[in-house]
There are 2 protein chains.
Amino acid sequence: MKYTKATNYALHMIVYMIEHAQSGNLSLHTLADHFNVSATYLSKILTQLVKADLIESTSGANGGYALRKKMEDISYMDVIKATEGTGSLFECKFQEGSKCLIQNVMAEAENLMETYLRDKKLYEVAKIQIGKGKSF
Amino acid sequence: MKYTKATNYALHMIVYMIEHAQSGNLSLHTLADHFNVSATYLSKILTQLVKADLIESTSGANGGYALRKKMEDISYMDVIKATEGTGSLFECKFQEGSKCLIQNVMAEAENLMETYLRDKKLYEVAKIQIGKGKSF
DNA sequence: ATATTAAAGACTTTATTTATCTATAATAAT
DNA sequence: ATTATTATAGATAAATAAAGTCTTTAATAT
Ligand code: SF4
Ligand code: SF4
């Protein structure tokens with residue numbers, strides 16, 4: 001069980017977009033170049049962030065991506081949910097319906113992590129990294 | 001990111017072994033039959049639990065598996081570490097050495113979950129399920 | 001010596017993640 | 001209108017990881 005690379009990408013995209021919030025739209029091309037990752041794959045991840053309403057996209061010349069949500073409000077968990085999905089980490093395949101004690105414990109553990117990550121905003125990272133150069 | 005099926009198996013093995021702690025060794029055959037899962041695959045998982053010193057195994061007739069650690073002390077996290085490994089959930093592949101803020105936040109979140117699961121013992125589930133029949 | 005049991009290794013299958021390629025749609029600039 | 005620029009979507013491929021099987025070996029009790 002590991003976070004996917006997509007989540008790593010997504011977190012960095014948001015941080016970068018926070019740092020460049022004044023620069024207008026950032027194109028896929030710009031982002032892919034800067035982070036030196038596959039453009040079309042990155043595109044899918046950015047689209048997930050769009051669908052999660054964290055960022056918005058505009059087509060055409062001078063288009064690209066920009067933050068949609070207030071930057072101070074974007075939490076780690078917002079991003080993680082967008083890329084990892086919303087299901088529980090522990091899902092029993094044997095007796096799916098019945099909520100059991102094991103599942104309750106695992107869910108409560110996940111809740112603790114989740115609550116923490118919902119409180120932590122990516123803005124905090126960005127602020128510190130401004131002036132420190134590239135984050136990736 | 002999901003817990004593997006192996007973790008699900010392992011948690012249930014421990015619960016079952018706690019419930020049958022008086023019955024002497026439980027053979028792979030017995031366990032695989034009872035839970036109706038692949039014997040050789042289950043074997044690998046049990047071996048992981050042996051290596052984690054949660055249970056012990058003895059070869060030969062009347063051999064099998066039995067708890068090694070005191071049953072009241074076996075936590076969810078003990079089992080999870082045995083099957084999922086000990087690495088962090090979030091591992092950055094880009095600048096591995098440098099501990100950054102993102103990694104710190106993700107690690108702290110994981111810590112909260114971990115601490116909770118280290119405190120929760122599987123014994124509690126077993127006690128309740130005694131008298132309620134099969135757990136799987 | 002034999003039967004019973006676990007462990008280990010090589011391997012296959014399946015599922016998931018990561019990545020690419022191509023076509024389509026939207027928009028701005030000319 | 002046409003063209004250039006941009007994002008989205010779908011199909012597919014490649015890479016990696018998880019789940020499962022098969023076979024051999026080692027240990028132990030009878
Ligand atoms: S900022 Fe942290 S997570 Fe991002 S590339 Fe650097 S080390 Fe990795
Ligand atoms: S006890 Fe819970 S985790 Fe286990 S099989 Fe039943 S529902 Fe699934």
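Each chain gets a letter, A, B and so on, in the order its sequence line appears, and its residues count up from 1.
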### Task
Let me know the distance between CG of B:D33 and P of C:dT5, rounded to the nearest Å.
12 Å

### Summary
Taken to the nearest whole Å, CD/B:E56 to P/C:dT5 is 17 Å

### Task
Send over the distance from A:Q48 CD to D:dA9 C1', rounded to a whole Å.
13 Å

## Note on the structure
Value for CG (A:L67) from CD1 (A:I14), rounded to nearest 0.5 Å, stands at 6.0 Å

### Query
When the distance from OH of B:Y3 to C1' of D:dA18 is rounded to whole Å, what number comes out?
17 Å

### Message
Heavy-atom nearest nucleotide on DNA chain C for A:A61 versus A:K5: which residue maps closer to 5'?
### Response
A:K5

### Message
Is there a side chain to side chain contact (heavy atoms under 4.5 Å, CB included) between B:Y9 and B:L46? Walk through the geometry before answering.
### Response
CA-CA 9 Å; B:Y9 286 179; B:L46 288 163; over 6 Å; no

#### Entry: side-chain N/O A:K51 vs D:dA9 OP1/OP2, d < 4.0 Å
yes

#### Entry: Closest to the B:S57 side chain, choosing from C:dA6, D:dT8, D:dA18
C:dA6

### Message
Can you tell me if B:T47 touches the phosphate of C:dA7, counting only side-chain N or O atoms and a distance under 4.0 Å to OP1 or OP2?
### Response
yes

### Distance in angstrom units between B:I45 CD1 and D:dG20 C1', rounded
10 Å

### Task
Would you please indicate yes or no on a ring centroid separation below 6.0 angstrom for A:Y16 and A:H12?
no

### Message
Without decimals, in angstroms, what is the distance between B:E91 CD and C:dT17 P?
### Response
16 Å

### Query
In whole Å, what is the span from the CG atom of A:N8 to the C1' atom of C:dT17?
14 Å

### Task
List the steps and the verdict of side-chain hydrogen bond (donor to acceptor under 3.5 Å, both in side chains) for A:D78 and A:S75.
CA-CA 5 Å; A:D78 289 332; A:S75 73; 3.2 Å; yes

### B:A6 vs A:L28, nearer the 5' end of DNA chain D by closest nucleotide
A:L28

### Message
Just the rounded figure in Å: distance from P of D:dT6 to CG of A:L46.
### Response
14 Å

### Query
Distance check: side-chain N/O of B:K2 vs OP1/OP2 of C:dA15, anything under 4.0 Å?
no

Can you pull every protein N or O that's under 3.5 Å from an N or O on nucleotides 21-23 of chain D?
residue : atom : partner : partner atom : Å
D:dT21  : OP2  : B:S38   : OG           : 2.7

### Query
Does A:N62 make a side-chain N or O approach to OP1 or OP2 of D:dT5 shorter than 4.0 Å?
no

### Side chain A:K2, main chain B:S88, donor-acceptor under 3.5 Å
yes

### Task
Would you sort out whether B:N25 and B:N62 count as a side chain to side chain contact (heavy atoms under 4.5 Å, CB included), showing the intermediate values?
CA-CA 7 Å; B:N25 285 329; B:N62 305 320; 5.7 Å; no

### Message
Taking the side chain as everything from C-beta on, heavy atoms only, tell me whether A:L89 gets closer than 4.5 Å to A:M106.
### Response
no

### Message
Quick check on D:dT5: is either OP1 or OP2 less than 4.0 Å from any side-chain nitrogen or oxygen of A:S59?
### Response
no

